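One structure is given below, encoded as structure tokens.
None of the values given here were measured: they were computed from a predicted structure. Whatever order the structure lists ligands and atoms in, that order sets their numbers, starting from 1. All values below were derived from every heavy atom in this structure, side-chain atoms included, with hydrogens, water molecules and symmetry-related copies excluded.
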Amino acid sequence: MSAMVLVVQKFGGTSLADAEKIHRAARRAIRAKLSGQQVVLVVSAMGRTTDDLVKLAQAVCCDPPKRELDMLLTTGEQVSIALMAMAIDAAGHEAISLTAGQLGLVTDSAHTRSRIQRISRDRIDAELAAGKIVIVAGFQGADQAGEITTLGRGASDTTATALAAVLGAKCCEIYTDVDGVYSADPRLVPGARKIDEINYDTMLEMAATGATVMHSRAIEFGKKFQVPIYVRSSMTDAEGTLITAATPGMEAIVVRGVTLREDLAVVAMNGVPNTPGAAARIFSEVAKSNILIDDIVQNLYDGGRVANIGFSTNSSESAEAMAICRRLGKQLGVDGVEIDEGVSKVSAVGLGMRTHSGIAATMFEALAKEKINIDNISTSEIVISCIVRREDGPRALRCLHSAFELDEPREDDIA
Ligand code: ADP
Ligand code: ASP
Ligand code: MG
């Protein structure tokens, strides 16, 4: 028997916000099944459930133990898988809901920010072979000991692409509340344009710098295992955006999108003795606790005798980062440790930057014209980012979108 084609469909929270939307998602899955494909569904928690659960935890405890937070937050997805299975059953088709523990999605033990280590195919294969639509709880995992973990906010996308990779799916479809990936967040930039096709690397950087429409680790799986990812609206049959490997035509476009991250804070140690090993100590300590460092900033002063060493990190992890820096600061004899929570980061992303000079100049000129001050600049092969004051962020995003002519229809748009 030749292997059947398999598709993974993921539905986000807004696409499951009420019973009617759950039925709509169920119908889409059934349609795929009836067309002869095997279907694995990955679902998020309904509507804003996860946010509400986080608030509830904070109302009970100002610093909830991470293990218990995972225990609580994973309930959201568990509600969705059960309801989805019921909706499919009500439509006369067979389905089964599975938690991460039940299917064998194993992660490390870093609660609230775990990483997937392996996914077992056995249970899913058996259920698919029995003709069922398999519904998997997104965002969650189980460590070696069976402890319940989560993969980080927004990570149901990652569950979906990782499953698509392991199962050899023909593609992974991400159904959400926008009809694709745009040149900027359409909620912030009215002139943002839908992108028909984008390569993994550009999308990865857009996601990492603020395009929350996709979880960045989801793109890593897609890229590594060459899974085509479609981002589409759950409400329409519009085409959406295809995320795939780079094609020669894509190179022509210099800046593909602009992004904004508002969930950052800058932690800085002032007066660090400028001796070999100081930075190594700071960053190895921070890394040990699994805190992700976004950008690093270092300024020397006093004739190079001392330095200010800072880094931007997720707001949700900044208090922990601050505590580590305070402890280290005492050992290193620094002047002080500060945290700045009033920052945002705007970025321009595109493969064409590798070969085009002048992108940085365009970016700085556009911000200068708007009288937006730049606190820090970082660049990589395909991204240029500026740290700006939080209140300037949305305005900075809009001015860069225009400066890079992203609101214009373009001839080289890939259909
Ligand atoms: P879901 O619940 O389906 O996972 P998310 O809220 O995580 O949905 O992601 C969809 C949202 O991502 C959109 O409503 C949009 O505001 C936001 N977004 C941010 N940047 C972009 C972008 N570049 N293109 C499209 N949407 C974006
Ligand atoms: N429900 C989780 C969250 O809100 C995961 C997801 O939606 O992707 O972060
Ligand atoms: Mg999401």
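- Between Asp157 and ligand 1, not a single N/O pair is under 3.5 Å apart.
- Tested against Ser347, the residues Val258, Thr209, Ile384 include a single side-chain contact (heavy atoms from CB on, under 4.5 Å) partner, Thr209.
- Between the side chains of Thr112 and Thr150, no donor-acceptor pair of N or O atoms lies under 3.5 Å.
- Nearest non-hydrogen protein atom to atom 7 (O) of ligand 2 is Ser44 OG, 3.2 Å.
- Here the protein heavy atom with the shortest distance to atom 21 (C) of ligand 1 is Asp185 CA, 3.6 Å.
- Summary of contacts: the protein heavy atom closest to atom 9 (O) of ligand 2 is Arg153 NE, 2.6 Å.
- Among the atoms of Ser183, none of the N or O lies under 3.5 angstrom from an N or O of ligand 1.
- Residue-ligand proximity, Ser156 to ligand 2, at heavy-atom distances under 4.0 Å covers atoms 5 (C), 6 (C), 8 (O).
- The residue Ser156 has no part lying near ligand 1, judged by heavy-atom distances below 4.0 Å.
- Closest heavy-atom approach to atom 14 (O) of ligand 1 within the set Lys10, Arg48, Arg187, Arg153: this belongs to Arg187.
- The closest protein non-hydrogen atom to atom 10 (C) of ligand 1 is Asp177 OD1, 3.3 Å.
- The protein atom (non-hydrogen) at minimum distance from atom 27 (C) of ligand 1 is Val213 CB, 3.6 Å.
- The shortest contact between atom 7 (O) of ligand 1 and any protein heavy atom is with Thr212 O, 3.6 Å.
- Side chains of Asp179 and Ser233: no donor on one and acceptor on the other come within 3.5 Å.
- Close approach to Gly154 involves these atoms of ligand 2, each under 4.0 Å from a residue heavy atom: 3 (C), 5 (C), 6 (C), 8 (O), 9 (O).
- Of all protein heavy atoms, the one lying nearest to atom 24 (N) of ligand 1 is Tyr182 N, 2.9 Å.
- Of the protein's non-hydrogen atoms, Gly180 O, 3.4 Å is the one closest to atom 25 (C) of ligand 1.
- Ligand 1 has a nitrogen or oxygen under 3.5 angstrom from a nitrogen or oxygen of Gly13.
- Scanning all protein heavy atoms for the shortest distance to atom 1 (P) of ligand 1 gives Thr176 OG1, 3.6 Å.
- For ligand 2 and Glu77, the ligand atoms under 4.0 Å from any heavy atom of the residue are 1 (N), 2 (C), 5 (C).
- With no hydrogens or angles considered, a side-chain donor-acceptor pair links Ser183 and His401 at under 3.5 Å.
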